[in-house]
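Below is one structure, written out as structure tokens, with a few remarks after it.
Because the structure is predicted, anything quoted here is derived from the model rather than measured. Values reported hereafter were calculated over all heavy atoms of this structure, with side chains retained and with hydrogens, waters and symmetry mates removed.
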Amino acid sequence: MSTDTTTAPSPDIALAGSPSTAASSAAPGSAASGPEGPRRPRMAGRAPARPAPAAAVHSVSAATAALLGLVALGALLHEPVLIPPLAASAALVHCAPALPLAQPRSVVVGHLLGAAAGYAVAAAASGSAWAAAVAAGVTLALTTLARTPHSPACATAVVVVLQAPAPGRFVPLLLGSTVLLVLTAFAASRVRRAAPKYPAYWW
């Protein structure tokens, strides 16, 4: 009766050149080495994919047309209708129409809350940069509680504090301008068949 003297290779002995050996010998996070020497890891960005040329031209053209419409309205009424926060809102509704910040509820109510916070803070304090910063923070809190997130509304509060526009003229123009931005975004999303439909929700 013969006994089998063949023994399995010891687990401590690894085959030379095996992938497991190479992987275990490299320190975590270290660059892999090749024939030309150590290779640097690629810097992979997490930015969104570049839009198709037709989509980019459509969104930029629609946003520019909406802003030109605000300028035309201001020239007709002899009032400065186009303010920086509205330009930021136009960029949101036309270039990121699916975001909660771009929905009609956020655009219209957000700017009105920003104006209200600006006038309230300006009445309680002087129209200084300190008061403008407080008004922006109050606007952020109000829009968060009201579920109307819209970052340009914070800039509206700053404009109100620093420039002190007459509320009887400023607020109606602000309301009309935000409604115009929403309607132009709605129309633009229906012009191009492949464009994402705006809004994702009205209220």
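Follow the hydrophobic side-chain contacts under 4.5 Å out from L68 and you never reach V179; the two are in separate clusters. Note on Y119 and L112: same hydrophobic cluster, where clusters join Ile, Leu, Val, Met, Phe, Trp and Tyr whose side-chain heavy atoms are under 4.5 Å apart, directly or indirectly. V93 and W203 sit in two unconnected hydrophobic clusters of ILVMFWY residues. Membership requires side-chain heavy atoms under 4.5 Å apart, directly or through other members. Under the 4.5 Å side-chain heavy-atom criterion for Ile, Leu, Val, Met, Phe, Trp and Tyr, V109 and L180 are members of distinct hydrophobic clusters. In the hydrophobic cluster analysis, where Ile, Leu, Val, Met, Phe, Trp and Tyr join through side-chain heavy atoms closer than 4.5 angstrom, L173 is grouped together with L86.
Side chains of V182 and P199 form no contact here, defined as non-hydrogen atoms less than 4.5 Å apart. With a 4.5 Å cut-off on side-chain heavy atoms, Y198 and Q103 count as touching. Counting heavy atoms from C-beta outward, L101 and S106 have side chains that stay 4.5 Å or more apart. Side-chain contact between Y201 and P104 is absent, with no heavy-atom pair separated by less than 4.5 Å.
Contact detail for P165 and V160: the closest heavy-atom pair is CD-O, 3.6 Å. Shown here for A131 and A125, the closest heavy-atom pair between the two residues is CB-CB, 4.2 Å. When every heavy atom of A56 is checked against every heavy atom of P51, the shortest pair comes out as CB-CG, 4.1 Å. Of all non-hydrogen atoms in G118 and V161, the two that sit nearest each other are O-CG2, 3.5 Å. Here the closest heavy-atom approach between residue H94 and residue S59 is recorded as O-CB, 3.3 Å. The shortest heavy-atom contact between A157 and A135 is CB-O, 3.7 Å.
Under a 3.5 Å cut-off, the side chain of T156 and the backbone N or O of A115 do not form any donor-acceptor pair. With hydrogens and angles ignored, the 3.5 Å screen pairs no side-chain donor or acceptor of S61 with any backbone N or O of H58. Remark: the backbone N or O of T144 is not paired with any side-chain donor or acceptor of T148 at under 3.5 angstrom. At distances below 3.5 Å, not a single donor-acceptor pair connects side-chain atoms of R169 with backbone N or O atoms of E79.
Side-chain polar atoms of T143 and H150 form no donor-acceptor pair below 3.5 angstrom.
Taking OG of S177 as the start and CG of L82 as the end, the distance is 8.5 Å to the nearest 0.5 Å. Atoms CG and OG, on L92 and S151 in that order, are 5.5 Å from each other to the nearest 0.5 Å. A distance of 7.0 Å separates CG of L67 from CG of L181, quoted to the nearest 0.5 Å.
In R50, the CZ atom is not crowded: 12 or fewer heavy atoms of neighbouring residues, nucleotides or ligands sit closer than 6.0 Å. Annotation: R192, atom CZ; neighbour count of heavy atoms from other residues, nucleotides and ligands within 6.0 Å is above 12.
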